[in-house]
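Every number for a ligand or one of its atoms is a count from 1 in the order of the listing. Quick caveat, the model's predicted, so the values are computed rather than measured.
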Amino acid sequence: MSKKASFVEIDENTEIKPSKAFSKYARVSSMAQYKRMHAESIEKPHLFWAREAKELKWQKKWDKVLNWEAPYAEWFKGGKLNVCENAVDRHVEEGRGNKAAIIWEGEPGDKRILTYQQLQREVCRMANVLTNQGVKPKDCVLIYMPMVPEATIAMLACARIGAVHSIVFGGFSSESIKDRLEDSKAVAVITADGSWRRGSVVPLKDNMDEALKGNKDVKSVIVLKRCENDVKMKKGRDFWWHKQTAKVPAKHTPKGFSAEHPLFILYTSGSTGKPKGILHTSGGYMVGTYTTCKYIFDMQEDDVYWCTADVGWITGHSYITYGPLLNGVTQIMYEGGPNYPDWGRFWSIIEEYGVTIFYTAPTAIRAFIKAGDEFVDKYDLSSLRLLGTVGEPINPAAWAWYYNKIGGGRCPIVDTWWQTETGAIMISPLPGCTPIKPGTATLPFFGVDAAILDEEGNECKPDQPGRLVIRKPWPSMLRTIYGDKKRYKDTYWSDYDGMYTAGDGAKKDKKGNVYIIGRLDDVLNVSGHRLGTAEIESALVAHPAVAEAAVIGKPHEIKGESIVCFVTLKGDYKETDELKTELRNHIGKVIGAIAKPDAIHFAPAGLPKTRSGKIMRRLLKELVNTGKVTGNVTTLEDSKVIDALEKSLKG
Ligand code: PRX
């Protein structure tokens with residue numbers, strides 16, 4: 001394939017067909033092949049998915065590919081497998097033992113390579129440690145780790161012994177961990193002393209100690225030494241990773257678990273209340289992440305793949321730990337920030353290791369554009385052959401820069417739409433056949449029956465916005481909200497009979513390309529991270545000064561959306577800048593630094609409400625975006641409120 005960089009003039013109407021050079025070796029190389037395979041996957045899912053599943057190792061073959069009683073699915077019923085065995089041992093058995101599985105770079109510059117064989121040994125050790133600590137199949141293990149290979153090792157070790165992992169992103173606070181510990185009833189924790197972030201140490205163990213106060217379920221805490229920061233170790237409960245793993249054998253026989261055995265819980269924000277625990281199971285998730293990686297990233301034996309997400313998010317679960325390892329690929333893992341020590345860090349990593357497939361978020365791309373091309377120009381990115389984005393809509397300017405500047409005008413971009421709930425990519429181009437266009441995730445993946453419906457359930461016409469739904473079950477779909485079957489049904493399956501509602505607004509063009517418009521519920525997408533306005537509001541009203549709060553999203557050049565809060569104070573509290581800072585920090589403490597708002601405005605005369613007492617966020621949005629309210633205010637209970645807010649915003 002030509003490595004020459006070229007420049008392509010791009011606007012939102014530009015359509016780029018895959019080059020012959022790319023298609024020639026791609027797994028799906030023509031639209032006719034895509035259409036044929038997609039039709040089969042929808043009309044005969046049992047045939048399609050059985051063929052894919054057969055490429056993996058089953059200790060016992062399934063009796064039935066799909067058992068579907070909406071909204072409950074069982075995939076590969078009767079089958080037995082071990083996801084970890086498929087991601088690790090299978091490759092050692094197939095001769096990839098000495099192939100690099102993970103090439104890791106720490107933020108301070110330390111480096112490590114783990115081959116599949118070494119990964120197998122480490123995973124076996126941790127599986128033995130967990131078993132010795134009394135962790136049993138279906139027990140939940142909470143993982144709170146930096147981006148180090150041990151995070152993936154911990155996940156795989158849980159999968160190996162049939163324990164259910166629940167990862168909490170390292171940027172979340174003690175209180176967030178506490179809620180998740182309580183909800184999941186975790187019996188063990190795996191964490192580290194600290195985590196590097198832009199040159200300073202995030203005290204993970206201290207945060208964990210705080211979260212564990214009063215907890216009676218957690219029997220053991222395994223602590224990895226990473227930053228050498230001081231930590232307190234509680235006797236009988238806390239154990240060092242290196243000491244425990246040194247005591248156990250590096251061998252462990254992976255037992256087969258049923259295909260519907262729970263694999264992990266991952267908490268994500270919804271429109272109301274506390275984050276919900278999305279439950280994924282083994283067989284379907286394994287097949288889904290394996291297949292999407294294989295076709296969408298077109299993974300080949302000699303690829304060097306890099307996904308810049310954190311394992312604390314679903315992207316890190318499916319496209320760092322599971323999908324790539326299930327495909328036996330070599331992947332890069334990087335611990336720190338993209339701008340440490342400067343904005344060239346990612347590009348230096350791509351050059352050094354010859355990365356061929358690169359998967360990141362639009363928010364990062366926008367930040368790189370702002371930082372300046374000089375950080376990119378220093379490096380040779382000609383090893384790249386495929387680019388991907390995920391997490392939020394990508395604007396045409398960012399897409400064009402990514403295509404030309406990073407991809408050298410020669411790499412297809414796969415804009416992948418999916419969610420924590422879907423487990424794997426749902427809508428995306430296939431790089432060897434789908435014509436790509438900025439701003440659209442293009443066409444549904446195999447097995448995905450995506451439609452855009454109006455409120456009555458009719459399919460929208462081309463270019464008419466509506467709600468994105470999935471009309472048929474797919475292997476990696478969530479199975480429930482942990483501990484709350486009713487909420488699962490009400491949240492996802494009650495808008496239209498037997499269909500999954502994604503919560504996103506979208507439209508299709510005449511060719512069927514899907515454009516994601518954004519969330520329809522009160523969920524914000526800040527730098528590709530999901531945050532519920534209700535969560536932030538409830539953190540605010542938990543502060544003694546706050547009587548009432550409303551949170552909205554405001555378009556932001558880099559983050560996509562920024563958080564703006566309106567608060568009414570209780571009686572004696574004064575509207576000061578110090579209090580604003582205190583409230584920002586308070587949100588950071590309750591949820592985590594990622595939820596700290598960009599702006600807090602006081603609402604001295606109260607918040608705009610309807611006569612029935614509902615906060616009119618629409619008016620707040622208009623106010624923030626234009627400085628005044630001109631829209632329909634007839635339902636507003638007290639129009640003086642708006643005057644006071646307009647003044648407050650100007651001041
Ligand atoms: O609004 C969509 C947006 O991210 C939401 C899912 O967030 P989360 O569960 O945190 O998973 C993010 C990573 C998979 C979706 O409901 N989203 C995700 N991918 C895209 C996107 N919006 C537009 N284009 C995408 N490619």
Side-chain angles (χ1 to χ4, degrees), residues 167-169 171-172 264-271 275-280 285 288-289 292-293 296 307-320 322-323 359-366 387-396 398-399 402 413-429 434 436-445 448 450 452 465 467-470 476-478 481 491-492 500-508 513-532 535 553 559-561 594-595:
I167 307 196
V168 180
F169 170 60
F172 278 124
F264 67 85
I265 305 169
L266 184 59
Y267 287 83
T268 190
S269 299
S271 49
K276 38 197 185 188
I278 304 301
L279 183 88
H280 283 285
Y285 178 83
T289 52
T292 45
C293 266
I296 295 167
C307 165
T308 66
D310 187 289
V311 286
W313 307 107
I314 191 68
T315 307
H317 283 60
S318 303
Y319 296 108
I320 294 178
Y322 290 107
Y359 190 33
T360 195
T363 187
I365 298 167
R366 290 190 294 261
L387 303 173
T389 72
V390 58
E392 46 177 327
I394 178 162
N395 47 310
W399 197 97
Y402 197 33
I413 296 178
V414 289
D415 173 350
T416 61
W417 176 85
W418 59 297
Q419 307 176 296
T420 305
E421 291 87 341
T422 67
I425 298 168
M426 301 291 276
I427 302 178
S428 168
T434 318
I436 52 172
K437 241 177 139 176
T440 172
T442 71
L443 304 172
F445 184 66
V448 176
I452 294 161
R467 299 170 186 204
L468 178 58
V469 299
I470 311 295
S476 63
M477 63 190 270
L478 77 165
I481 292 175
T491 310
Y492 302 109
Y500 172 83
T501 331
D504 277 338
K507 59 182 186 185
K508 273 186 191 177
N513 289 316
V514 177
Y515 287 77
I516 305 293
I517 300 166
R519 300 287 309 187
L520 293 170
D521 49 13
D522 293 321
V523 169
L524 306 182
N525 193 331
V526 182
S527 302
H529 301 323
R530 239 165 105 166
L531 289 164
E535 261 172 88
K559 301 182 195 177
E561 230 173 353
I594 51 166

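- Those atoms of ligand 1 with a heavy atom of Asn525 less than 4.0 angstrom away are 3 (C), 4 (O).
- In this structure, atom 9 (O) of ligand 1 lies nearest to the protein heavy atom Thr420 OG1, 2.6 Å.
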Can you give the donor-acceptor pairs under 3.5 Å from side chains of residues 436-443 to other protein atoms, not counting sequence neighbours?
unit_1	atom_1	unit_2	atom_2	d
Thr440	OG1	Thr442	N	2.8
Thr440	OG1	Val514	N	3.4
Thr440	OG1	Val514	O	2.6

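- At least one donor-acceptor pair closer than 3.5 Å links the side chain of Ser476 to the backbone N or O of Thr422.
- An N or O contact shorter than 3.5 Å is missing between Ala502 and ligand 1 by distance.
- At a heavy-atom distance under 4.0 Å, only side-chain atoms of Ile516, from C-beta outward, approach ligand 1.
- Under the side chain to side chain contact (heavy atoms under 4.5 Å, CB included) test applied with Glu421, the options Lys276, His280, Met477 reduce to a single match, Lys276.
- At a heavy-atom distance under 4.0 Å, atoms from both the backbone and the side chain of Gln419 approach ligand 1.
- Contact record, Ile516 with Leu468: CD1-CD2, 3.8 Å, taken as the closest heavy-atom pair.
- The pair Arg519-Glu561 does not meet the salt-bridge criterion, since no charged nitrogen lies less than 4.0 angstrom from a carboxylate oxygen.
- If you number the atoms of ligand 1 from 1 as listed, the ones under 4.0 Å from a heavy atom of Val390 come out as 13 (C), 14 (C).
- Counting only heavy atoms of the protein, atom 10 (O) of ligand 1 lies nearest to Arg530 CD, 3.3 Å.
- Contact annotation: for Pro393 versus ligand 1, heavy atoms closer than 4.0 Å belong to both the backbone and the side chain.
- Side chain of His317 to main chain of Val311: a donor-acceptor pair is present (N/O by atom type, distance under 3.5 Å, no hydrogens or angles).
- The ring-ring contact (aromatic ring centres under 6.0 Å, His included) test applied to Tyr500 returns Trp474, Tyr492, Trp493, not counting sequence neighbours.
- No donor-acceptor contact under 3.5 angstrom links the side chains of Tyr402 and Thr360, judged on distance only.
- No side-chain donor-acceptor contact under 3.5 Å links Thr501 to the backbone of Val469.
- Closest to atom 22 (N) of ligand 1 by heavy atom, among His529, Glu392, His317, is Glu392.
- For atom 6 (C) of ligand 1, the nearest protein heavy atom (residue, atom name, distance) is Trp418 O, 3.7 Å.
- Considering backbone and side-chain atoms together, Asp415 places an N or O closer than 3.5 Å to an N or O of ligand 1.
- Ranking the protein heavy atoms by distance from atom 2 (C) of ligand 1 puts Asp504 OD2, 3.0 Å first.
- Contacts with ligand 1 closer than 4.0 Å are made by no heavy atom of Val523, backbone or side chain.
- For Thr315, no nitrogen or oxygen atom sits less than 3.5 Å from a nitrogen or oxygen atom of ligand 1, counting backbone and side chain alike.
- Under 3.5 Å, the side chains of Tyr285 and Ser318 contain a donor-acceptor pair of N or O atoms.
- Counting only heavy atoms of the protein, atom 3 (C) of ligand 1 lies nearest to Gly391 O, 3.3 Å.
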